[in-house]
2 protein chains.
Amino acid sequence: MSTVELTPTSYVVLGLLALGGPATSYDLKQLVAGTVGHFWSFPHTQLYTEPRRLAALGLVDEEQEEGGRRRRTYTLTAAGRRELEAWLAEPVAGELEIRDVGLLQLFLHTGDDPASIARLAEVQAEAHRATLATYEEMAAAAEASGAPDTPQTAALRLGLAIERAYVTFWDDLG
Amino acid sequence: MSTVELTPTSYVVLGLLALGGPATSYDLKQLVAGTVGHFWSFPHTQLYTEPRRLAALGLVDEEQEEGGRRRRTYTLTAAGRRELEAWLAEPVAGELEIRDVGLLQLFLHTGDDPASIARLAEVQAEAHRATLATYEEMAAAAEASGAPDTPQTAALRLGLAIERAYVTFWDDLG
DNA sequence: GGGTACATGTAATCAGTTACATGATTTA
DNA sequence: TAAATCATGTAACTGATTACATGTACCC
């Protein structure tokens, strides 16, 4: 039974520690940038404050080095792992939110400014093409490595599908 | 030149007032629920506080009725319309954020719990099928009405494409 | 050895959320 | 006319963001 109240951010931290082992805040920042950050990002400062909150809750261990940068390394505790696994075991119903300013801009247009919409479509198509290219590289690298399929590569496939839909959409609109 | 600092929420309010004319907070809540709320939602309280902030900035007019519920009706001012149009005219580069807890749960799984992933896939596929059905109804209704294509119906097409990608993805995974 | 980029954090602020509360309308 | 639901809001809280600041390592 889990009583503590955790946010998605908390689970990202717990999950990354579970997947990648002990890490400093900076390590987490790097990890996030290359993985979840592609679809669920947050500023680096949260990766400094959130682990400390989790440490206070006993879900991670915090160990600070003595000399040099005195950086803190975080390790998942047994309690933290339990908390994470309990959350993962129970599918959350939460609705999908697409925080896409470009889509919002499209939506809030009246129909009487086609030029503005065309400009928007062009910018967006380009941006999504770039993202798509990144994902395709990531997928190619994963495939080339010969590693087996993982939840993370599965998630990447969804990213690819979505970005392809986006590129098609904005291209058609432009 | 626009110096005031507005959030996406601000533009949703300004935009809905531009699209639908004067409205009370409750009207806005209804509007949001049927439109932008599908991909960019927020609690109703923000639709009470945000218009008042915008009124203080002179971007909307606030008029309170005397008797009964003393509800406030908001109207876009000329300044508000300028601010909105300036924002719409300049495509924002902002990255896409997909706040999807289901995807996050998938991503944070280790590879060694296929049953948990299958359960997640089932729940998610069902949820997205429901959303897809809603969108399809909306699209059918729009088509049946014979109204011309608008930015809003275009946005709906993107929603459809994304939801289809989602259903396919979770079905394949399950 | 001076500059630049990397790395690591603190502090203040605020938008957004949650919790609460009450008045008005409808319906059984 | 009581109950349920719709409508309208306020207040408190806090997670997340912004702004700031400084130390460390590398490289020219």
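Throughout, protein chains are lettered first and strands after them, A, B, ... in sequence-line order, and every chain is numbered starting at 1.
At whole-Å resolution of the value, OH in B:Y11 and P in C:dG16 are 13 Å apart. One can place CZ of A:F42 at 14 Å from P of D:dT18, the figure rounded to the nearest angstrom. Rounding to whole angstrom units, CG of residue A:L47 and P of C:dT8 are separated by 12 Å. The interatomic distance linking A:L6 (CG) with C:dT17 (C1') rounds to 17 Å, in whole Å. In this structure, A:H44 atom NE2 and D:dA19 atom P are separated by 12 Å, rounded to whole Å. Atom-to-atom, CZ of B:R71 to P of D:dG9 comes out at 9 Å; the value is rounded to the nearest Å. B:W40 has its CH2 atom 11 Å from the P atom of C:dT17, to the nearest Å. The separation between B:R99 atom CZ and D:dG15 atom P is 15 Å, rounded to whole Å.
Distances shown here put a side-chain N or O of B:T9 below 4.0 Å from the OP1 or OP2 atom of C:dG16. The side chain of B:Q46 places no N or O atom within less than 4.0 Å of a non-bridging phosphate oxygen (OP1 or OP2) of C:dA15. Checking the phosphate oxygens (OP1, OP2) of C:dG9, no side-chain nitrogen or oxygen of A:R52 falls inside 4.0 Å. A sub-4.0 Å separation between OP1 or OP2 of D:dG15 and a side-chain N or O of A:R53 is present.
Nearest to the side chain of A:P43, among C:dT8, C:dT17, D:dT18, sits D:dT18. Set against D:dG15, D:dT8, C:dG9, the side chain of A:T7 has D:dG15 as its closest nucleotide. For B:T45, counting side-chain heavy atoms from C-beta on, the closest listed nucleotide (C:dT8, D:dA16, C:dT18) is C:dT18.
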Apply salt bridge (Lys or Arg N to Asp or Glu O under 4.0 Å) to residues A:D172 and B:R157 and explain how you reach the verdict.
CA-CA 11 Å; A:D172 286 357; B:R157 281 199 302 277; over 6 Å; no
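Both A:E50 and B:T49 lie close to DNA chain D; mapped to their nearest nucleotides by heavy-atom distance, the more 5′-ward contact belongs to B:T49.
B:R52 meets the salt bridge (Lys or Arg N to Asp or Glu O under 4.0 Å) test with B:E62; sequence neighbours excluded.
When heavy atoms are screened at a 4.0 angstrom cut-off, A:Y48 is found touching base atoms of the nucleic acid.
Taking the six-membered ring for Trp, A:H128 and A:F169 have ring centres at least 6.0 Å apart.
No salt bridge links A:E85 with A:R82; every basic N to acidic carboxylate O contact stays at or beyond 4.0 Å.
The aromatic rings of A:Y11 and A:W87 sit parallel, their planes meeting at an angle under 30°, below the 60° perpendicular limit.
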